[in-house]
Amino acid sequence: MSQLKVHNSLTRQKEVFEPIVPGYVGMYVCGPTVSGESHLGHARPFITFDIVYRYLLHLGYRVRYVRNITDAGHFEEEGREAEDKISKKAVIEKMEPMELVQKYTNLFHWAMQEFNNLPPSIEPTATGHIVEQIVMIEKIIADGYAYVANGSVYFDVEKYNTDFSAQGKPYGMLSGRVLEDMLETTRELDNQEEKRNKADFALWKNAPPEHIMRWQSPWGEGFPGWHIECSAMSNKYLGSQFDIHGGGMDLQFPHHECEIAQSTVCNHVTPARYWLHNNMITINGRKMGKSYNNVIKLSELFTGSHPLLEQAYHPMTIRFFILQTHYRSTLDFGNEALKAAEKGLKRLWEAYEALQKFDASGNNATGDAELDAKVRKLVEQFEEFMQDDFNTAKVLANMFELVPVINGIKDKHIADHALSAETLRYLQTQMKAFVEDIFGLKGENANNSDKLNGVMQLLINIRKEAKVKKDYMTSDKIRNELLALGIHLKDEKGGEMSYTLD
RNA sequence: GGUCCUGUGGCCGAGUGGCUAGGCAGAGCUCUGCAAAAGCUUCUACAGCGGUUCGAAUCCGCUCGGGACCUCCA
């Protein structure tokens with residue numbers, strides 16, 4: 001098999017993936033800020049890196065997947081006033097900050113489960129690692145790359161850039177920014193006067209009296225700067241250097257850039273070797289985000305309760321929708337596109353289920369060598385495409401080319417023995433591995449009860465009998481009334497029937 | 001203004017120097033008691049203008065359009 005190649009944002013090119021320790025992978029992905037409910041835009045990185053995680057597991061790696069929960073208060077700049085998101089909401093909703101954080105953490109976990117994302121190996125919280133963050137900040141100060149001002153601590157970007165450029169690690173190496181250019185920006189921001197330099201960023205912020213979330217530190221009561229938590233936690237659980245750091249492209253600058261600077265000062269090494277960034281979900285060509293006022297929350301998506309939605313969309317539809325695009329491309333949301341995904345997934349899933357029921361224990365004759373070879377090739381390419389920077393879109397395209405073959409065998413348009421038993425088994429195994437284990441798709445009928453199946457079987461039997469007697473009144477009544485309930489009965493070739501739920 | 005990305009058919013999207021993914025929608029046909037499903041066939045493409053090349057949608061340049069980020073929003 002070819003080697004796994006990933007697009008590394010650090011080098012801006014595809015590189016062969018080689019873990020630091022053979023057989024093991026350490027992966028850190030920036031998690032949610034639990035000051036509110038996640039929206040569709042947030043879903044993309046978590047699904048994207050769930051696929052990466054699952055694929056690495058498929059390749060046989062032992063993966064430690066760390067995804068943080070940001071539950072410490074950060075500042076949100078709204079209008080002219082900077083306020084703490086979590087503490088502000090907490091007052092409005094009359095909740096304890098940690099109560100609010102718990103509520104949204106639970107909601108986040110619920111959404112991840114709906115998407116069938118595997119839980120990460122470790123899900124550390126920022127509030128649970130205040131000590132580690134303080135220790136790290138102290139080290140940065142001791143090394144002379146940070147300074148204290150009025151109870152806050154700032155990272156000295158210019159000094160860092162000067163010293164580390166010499167080692168080929170200038171500030172801006174990840175996002176392609178040049179510090180000198182950035183210093184020329186004229187944009188005015190609040191609370192800049194404490195900083196020696198515009199480009200400096202906060203490691204620790206002095207907490208104003210109204211700030212609810214606060215911790216004692218060597219510099220007074222305050223709270224950690226936004227970037228330091230990821231550096232502290234990735235270092236703690238994955239070591240000074242680890243394999244993969246993931247997140248959305250919008251995090252590349254400044255967040256990941258600052259992480260690199262902080263960690264490099266402390267550990268003298270670039271924290272992650274491969275930086276993977278997924279692109280945004282857009283809506284009408286615009287990034288979905290709070291500041292654009294165009295967010296669709298996940299709960300709204302699943303229930304259809306948002307003015308932009310023409311219907312509810314199942315979490316698996318969203319997952320499939322995301323998989324149909326390469327993770328580094330933008331993905332434009334739209335009802336038409338979501339509906340297309342819904343139908344496409346249904347078609348794929350039904351063929352997949354039919355395939356798994358085929359009996360592959362038959363003889364080994366190959367009835368149609370050409371078709372057999374074509375199927376083999378399409379299946380072999382699953383891995384080839386994934387090895388090439390996780391190209392799920394191409395894998396799905398191949399799967400859809402296999403659908404008519406599967407349906408053809410099922411409906412007897414294609415002879416039973418057109419494919420050799422070996423090829424059929426290969427097809428079944430690989431489809432299972434990719435559809436379920438790697439893509440994490442699951443059937444919507446999976447949790448139908450035995451009782452429902454029993455009742456349906458009864459109705460199917462009655463309908464079959466009616467059809468034999470040419471009693472179409474009865475057979476149509478069963479089919480039509482079930483349809484009104486959202487259950488589709490389908491006559492299969494050979495007199496069998498199956499059903500699907502809306 | 002700076003840095004970077006992007007412009008593919010009705011919609012969503014792969015991809016690439018010549019063999020022109022895939023899904024959904026549309027059209028026709030087959031199967032079917034009817035329908036649905038399924039199968040087969042099929043129509044619309046690579047923003048515009050130049051250049052490189054035997055050949056470009058794919059490389060280069062320009063123009064136009066869209067987007068992300070630009071330090072305390074995570």
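Predicted model only: the values in this text are computed from it and were never measured. Quick note: numbers below take in every heavy atom, side chains included, and nothing from hydrogens, waters or symmetry partners.
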What interatomic distance, in whole Å, is found between P of A25(B) and the corresponding atom of A38(B)? 9 Å

Taking the P atom in each of C69(B) and C11(B), what is the distance between them to the nearest angstrom? 26 Å

Short side-chain to backbone donor-acceptor contact, Lys205(A) and Ser152(A), under 3.5 Å: no

Picking from G22(B), A14(B), C69(B), the nucleotide nearest the side-chain atoms of Asp250(A) would be C69(B)

Using the P atom on both, measure G55(B) against G1(B) and round to a whole Å. 38 Å

Please confirm whether the shortest side-chain N or O distance from Ser329(A) to OP1 or OP2 of A14(B) is below 4.0 Å. yes

Assign the ring pair Tyr55(A) / Phe434(A) to parallel, tilted or perpendicular, where the plane angle (0 to 90°) is split at 30° and 60°. tilted

Of the candidate nucleotides G39(B), A21(B), C69(B), which contains the atom at the shortest distance from the side chain of Pro404(A)? G39(B)

So does Lys287(A) get a side-chain nitrogen or oxygen closer than 4.0 Å to the phosphate oxygens (OP1/OP2) of C69(B)? yes

I want to verify a distance call: between A14(B), C69(B), G10(B), whose nearest atom is closest to the Glu336(A) side chain? G10(B)

State, with a plain yes or no, whether a side-chain heavy atom of Ser38(A) is found less than 4.5 Å away from one of Lys297(A). no

In whole Å, what is the span from the NZ atom of Lys412(A) to the P atom of A37(B)? 21 Å

Of the candidate nucleotides G23(B), A14(B), A21(B), which contains the atom at the shortest distance from the side chain of Arg347(A)? G23(B)

So Glu257(A), base contact, sugar-phosphate only, or nothing? Heavy-atom distance under 4.0 Å. nothing

Do Leu489(A) and Ile460(A) come close enough that some side-chain heavy atom pair is under 4.5 Å? yes

C34(B) base / Asp491(A) side chain donor-acceptor hit below 3.5 Å: yes

Please work out whether the ring planes of Phe164(A) and Tyr160(A) are parallel, tilted or perpendicular, with thresholds of 30° and 60°. parallel

Scanning all shown strands, the Watson-Crick or wobble mate of G10(B) with both distances under 3.5 Å is C24(B)

P atom, U3(B) versus A57(B): distance in rounded Å? 30 Å

For Arg286(A) and G67(B), is the shortest distance between a side-chain N/O and OP1 or OP2 below 4.0 Å? yes

Please state the P separation for the pair G51(B) and G65(B) - nearest whole angstrom. 24 Å

Smallest heavy-atom separation, Ala351(A) atom then Ile406(A) atom, equals O-CG2, 3.4 Å

Would you say Lys343(A) reaches A25(B)'s phosphate, i.e. side-chain N/O to OP1/OP2 under 4.0 Å? yes

Closest to the 5' end of RNA chain B, once Asn398(A) and Val405(A) are matched to their nearest nucleotides, is Asn398(A)

Check whether any side-chain heavy atom of Lys477(A) lies under 4.5 Å from a side-chain heavy atom of Met473(A), and answer yes or no. no

Base partner of U3(B), which must satisfy Watson-Crick or wobble distances under 3.5 Å: A68(B)

Using the C1' atom as the reference point in each nucleotide, state the distance between G15(B) and C4(B) in Å, no decimals. 22 Å

Any base atoms under 4.0 Å from Ser475(A), or only sugar-phosphate, or nothing? Heavy atoms, all strands. base

Of the listed nucleotides (G10(B), G67(B), A35(B)), which one gets closest to any side-chain atom of Arg479(A)? A35(B)

Using the C1' atom as the point on both nucleotides, what is the distance between G28(B) and G22(B), in whole Å? 22 Å

Applying ring pair (Phe, Tyr, Trp, His ring centres under 6.0 Å) between His245(A) and each of His255(A), His256(A), His277(A), report the one that passes. His256(A)

Rounded distance in Å - CG (Leu331(A)) to C1' (A14(B)): 13 Å

Closest to the Leu251(A) side chain, choosing from G33(B), G23(B), A74(B): A74(B)

Who does A38(B) pair with, Watson-Crick or G-U, both distances under 3.5 Å? U30(B)

Which is true for Lys467(A) with a 4.0 Å heavy-atom rule: it touches a base, it touches only sugar-phosphate, or it touches nothing? base

Which whole-number value in Å describes the distance from Phe333(A) CZ to G66(B) C1'? 19 Å

Here the distance between atom C1' of G33(B) and atom CD1 of Ile478(A), to the nearest Å, is 15 Å

Residue Arg463(A), side-chain atoms from C-beta onward, closest of C24(B), C12(B), C34(B): C34(B)

Compare the minimum distances between each of A74(B), A38(B), A37(B) and the side chain of Lys490(A), then state the nucleotide with the smallest one. A37(B)

Is there a donor on the side chain of Asp476(A) or the base of G33(B) sitting less than 3.5 Å from an acceptor on the other? yes

A25(B) P sits how many Å from Leu338(A) CG, rounded? 14 Å

Could you check how far CZ of Phe253(A) sits from C1' of C4(B), rounded to whole Å? 13 Å

Determine the minimum heavy-atom distance between Pro271(A) and Thr264(A), stating which atoms define it. CD-OG1, 4.0 Å

Euclidean distance, atom CG of residue Leu100(A) to atom P of A74(B) [Å, nearest integer]: 14 Å

Could you state the atom-to-atom distance from NZ of Lys14(A) to P of U16(B) in whole Å? 7 Å

For nucleotides U52(B) and G61(B), find the distance between their C1' atoms and express it as a whole number of Å. 11 Å

For G50(B), give the paired nucleotide (Watson-Crick: N1-N3 plus N6-O4 or O6-N4; G-U: N1-O2 and O6-N3; both under 3.5 Å), or none. C60(B)

What nucleic acid atoms does Ala337(A) come within less than 4.0 Å of, heavy atoms only: base, sugar-phosphate, or nothing? sugar-phosphate

Do Asn279(A) and A68(B) have a side chain to base donor-acceptor pair shorter than 3.5 Å? no

Taking 5.5 Å and 30° as the limits, would you call Tyr472(A) and the base of G33(B) a stacked pair? yes

Touch check for Gly334(A), heavy atoms < 4.0 angstrom, all strands: base, sugar-phosphate only, or nothing? nothing

Reckon Asn391(A) has a side-chain N or O less than 4.0 Å from the OP1 or OP2 of A14(B)? no

